[in-house]
Chemist: 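Dropping the structure in here first, questions after.
The structure displayed is predicted, hence computed values, not measured ones.
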Amino acid sequence: MMAQLRRTFPLLTVKPVQARFWSSSALFADSGSEMVLRSQSTDVFENLALEDWINTNVDLQQHGVLLLWRNRPTVVIGRHQNPWAECHLGAMKKAGISLARRRSGGGTVFHDLGNLNLTFFCSKKAYNRQRNLNVVTEALKRIRPELDVRATERLDILLNGHFKISGTASRLSRKSSYHHCTLLHSANRSTLSSVLRPSCPGIQSNATPSVPSPVANLVDHAPDLQLEELLEALAQQYSSEFGVHSPPVFVHPSDESLFPGLSLMAAELRSWDWTFGKTPKFTVETPLVLRDRSSACSTAALHMQVKDGLIQNCQLNVPSNWLPARLSGELSSVLTGERFCPQRAAVAMTMLLRTESTQLHGRLTNLCDVVVAAMG
């Protein structure tokens, strides 16, 4: 069987070459019109920045590029999405899972080292997502013909007509384009399901919502499929489809001799202003349950308007027999202009609580706590 595979894939035994000591101009000039790159980084911000760098700096009228890359555990949201509505930021923080906003559209995905990412770069004229997905499905059919894998009209790839193993997003510029997709090999599906749920109740927004789908890993149905075998098969299939005559090249995005300026691009992607500040404006409307130390209860209502990640307006409707309007109004004022961020809100509230030493301090503290909880 392996001999047959080696005859079918003659490049599987050709090891990818290192790009050390090359300049970026030499890397893309010496590799023909099409090439395959494999990122050695597992940092999502470096890899997303590498996508941007290639799209900006490589003449994609003359070159087609396939970039293969993986990330440490990360949730990646689309350009026009709301992170508080798409993922549970508290659970992610506890698990040490990063959050990144990419520049392309589409829905939210979970990445870890069991998920493979493919980015197809080409001219805008040559942009063809179905052809790219055929590279994936044909590679899988050739190494595991027993798998039923098909690309859908939504440009997902389904296993057995039901389980999603790949999702798609893309970005088109004036002359260039890139199309990227995931491929679930052996991702941690338990973690995936625990973090891909909302942080906050009551969000109303025009941001692009994700469409939940049942997912599966390739190894669930092909247990002996090794990740390296899959990577090699994809590189071979792309080479066959697009006429690549050189082996894949290992690169590291942090190599400024190859990718000058990329570290600045990665720094922007790491920033709060990009990750959260680019969220489309939204409102939060949610009830609050209030309790004091005597176990007395009441209810209140929170209404916030958030733009560019900042609280533009905050209204707290608290019964006056529970807390004077003066105090709930002061809390609303303290939050207005702050980032929609539990940590920042908690700091601002601490300053307010220090000024309130009456017998209502406990109830004000409880109100502060439930507001912070409502922010995820």
Side-chain angles (χ1 to χ4, degrees), residues 75 82-99 108 190-191 193-205 207 209 212 272 275-277 279-376:
V75 171
N82 184 318
W84 294 279
E86 295 293 334
C87 52
H88 199 285
L89 298 169
M92 291 167 56
K93 184 177 181 180
K94 289 180 181 178
I97 296 173
S98 302
L99 172 68
T108 298
S190 175
T191 302
S193 61
S194 71
V195 298
L196 296 189
R197 54 191 176 95
S199 296
C200 306
I203 289 179
Q204 300 177 16
S205 172
W272 192 97
T275 306
F276 296 99
T279 302
K281 64 180 181 180
F282 64 99
T283 62
V284 177
E285 294 184 3
T286 186
L288 305 174
V289 177
L290 305 175
R291 293 183 174 86
D292 66 12
R293 294 173 183 173
S294 66
S295 299
C297 296
S298 186
T299 58
L302 170 66
H303 177 90
M304 283 183 176
Q305 295 177 335
V306 183
K307 183 180 179 183
D308 301 327
L310 303 177
I311 301 170
Q312 300 291 301
N313 181 270
C314 178
Q315 296 178 11
L316 281 163
N317 297 319
V318 183
S320 58
N321 61 354
W322 182 265
L323 200 68
R326 171 185 64 83
L327 289 177
S328 58
E330 287 181 8
L331 178 55
S332 295
S333 297
V334 162
L335 293 176
T336 300
E338 270 292 349
R339 289 179 177 179
F340 187 78
C341 169
Q343 291 77 24
R344 290 285 288 264
V347 171
M349 291 172 178
T350 299
M351 302 297 292
L352 174 62
L353 288 169
R354 287 175 179 170
T355 66
E356 181 57 44
S357 58
T358 70
Q359 61 184 4
L360 296 172
H361 186 276
R363 288 187 173 184
L364 179 60
T365 299
N366 175 247
L367 177 61
C368 291
D369 290 343
V370 295
V371 170
V372 168
M375 296 172 69

Chemist: Hey, could you give me the CD/NZ distance between Q343 and K93, rounded to the nearest 0.5 Å?
Modeler: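 Q343 atom CD to K93 atom NZ measures 4.0 Å (nearest 0.5 Å).
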Chemist: Rounded to the nearest 0.5 Å, what separates atom CG in L99 from atom OG in S199?
Modeler: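 It comes to 9.0 Å.
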Chemist: Hey, what do you get for OG (S298) to CG (N321), rounding to the nearest 0.5 Å?
Modeler: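 These two atoms lie 6.5 Å from each other.
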Chemist: Angle between ring planes, F340 versus F282, binned at 30° and 60°: parallel, tilted or perpendicular?
Modeler: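 Plane angle over 60°, so perpendicular.
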Chemist: N82 and W84: which non-hydrogen atoms are nearest, and at how many Å?
Modeler: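 Closest approach of N82 to W84, heavy atoms only: OD1-N, 2.8 Å.
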Chemist: Going from CD on Q312 to NZ on K281, what distance comes out if it is rounded to the nearest 0.5 angstrom?
Modeler: 10.0 Å
Chemist: How close do L335 and M304 get, counting heavy atoms only, and between which atoms?
Modeler: CD1-CE, 3.8 Å
Chemist: Could you tell me which non-hydrogen atom of L352 sits nearest to which non-hydrogen atom of T355, and how far apart they are?
Modeler: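 L352 and T355 have their closest heavy atoms at O-OG1, 2.6 Å.
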Chemist: For P83 and T275, work out which heavy atoms get closest and say how close.
Modeler: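 Looks like CG-O, 4.2 Å.
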Chemist: To the nearest 0.5 Å, how far apart are OG1 in T279 and CD in E86?
Modeler: 10.5 Å
Chemist: Does D292 reach the main-chain N or O of R363 with its side chain, forming a donor-acceptor pair under 3.5 Å?
Modeler: no
Chemist: Of L302, T286, L288, which is the lone residue that meets side chain to side chain contact (heavy atoms under 4.5 Å, CB included) with V370?
Modeler: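 Only one of L302, T286, L288 forms a side chain to side chain contact (heavy atoms under 4.5 Å, CB included) with V370, namely L288.
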Chemist: Which heavy atom of P342 sits nearest to which heavy atom of G376, and what is that distance?
Modeler: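 Here P342 and G376 meet closest at CG-C, 3.6 Å.
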Chemist: Could you tell me which non-hydrogen atom of C314 sits nearest to which non-hydrogen atom of S332, and how far apart they are?
Modeler: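 Closest heavy-atom pair between C314 and S332: O-CB, 3.3 Å.
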